[in-house]
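Heads up, the thing below is written out as structure tokens.
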Amino acid sequence: AGGIVMCSLGKSTTNAADIERGVKKLKKKAGQDIAIVVVGNKKDLKVSSTAFLKKLDYDFVATSVTKNQCLDEPFEILARSLVNMSQCGWCEQSTEVYHLRALLKIREDEN
């Protein structure tokens, strides 16, 4: 399992506690051993500092919906994490993992 925790980089009040609350809620629903990507939206505004986000033990991507920046990246990171977890035996091989591998291969071939 995996998930994305969103935060706004446009708010000066966004902090590590907000992210940890989101992660805790996600883990409560999906389980403890999950892949997590933290996404900071409003990269174009960048009111708040992202330094604390980079110190957290999660993959982090800054995005901008209005400027169409880095919108695919969080999903690619999450997909790669799920595939890696399946190869390490953290989760069962499944049809979904097979499809993720195929999609990642197509994406690599496009680049």
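Counting from 1, the numbers follow the sequence of the chain as shown.
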Ala35 and Leu82: which non-hydrogen atoms are nearest, and at how many Å?
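Taking Ala35 first and Leu82 second, the nearest heavy atoms are CB-CD2, 4.2 Å.
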
Start with the C-alpha gap between Tyr58 and Val23, add the side-chain angles, then the distance that decides, and say whether side-chain contact (heavy atoms from CB on, under 4.5 Å) holds.
CA-CA 10 Å; Tyr58 310 109; Val23 168; 3.3 Å; yes

How many angstroms lie between [atom1] in [X] and [atom2] in [Y], if you round to the nearest 0.5 Å?
X: Asp59; Y: Glu73; atom1: CG; atom2: CD; result: 9.5 Å
X: Ile4; Y: Phe75; atom1: CD1; atom2: CZ; result: 4.0 Å
X: Ser8; Y: Lys43; atom1: OG; atom2: NZ; result: 14.5 Å

Pairs touching residues 20-30 that satisfy salt bridge (charged side-chain N to carboxylate O under 4.0 Å, His left out), sequence neighbours left out:
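Residue pairs passing salt bridge (charged side-chain N to carboxylate O under 4.0 Å, His left out), neighbours aside: Asp18-Arg21.
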
Name the atoms and distances for all side-chain donor-acceptor pairs under 3.5 Å in residues 60-71, with sequence neighbours left out.
from, atom 1, to, atom 2, distance (Å)
Thr63, OG1, Asn41, OD1, 3.1
Ser64, OG, Asp44, OD1, 2.9
Ser64, OG, Thr66, OG1, 3.3
Ser64, OG, Lys67, N, 3.1
Thr66, OG1, Asp44, OD2, 3.0

side-chain contact (heavy atoms from CB on, under 4.5 Å) partners for Leu26, two or more places apart:
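If we apply the side-chain contact (heavy atoms from CB on, under 4.5 Å) test to Leu26, skipping adjacent residues, the hits are Val5, Ile34, Ile36.
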
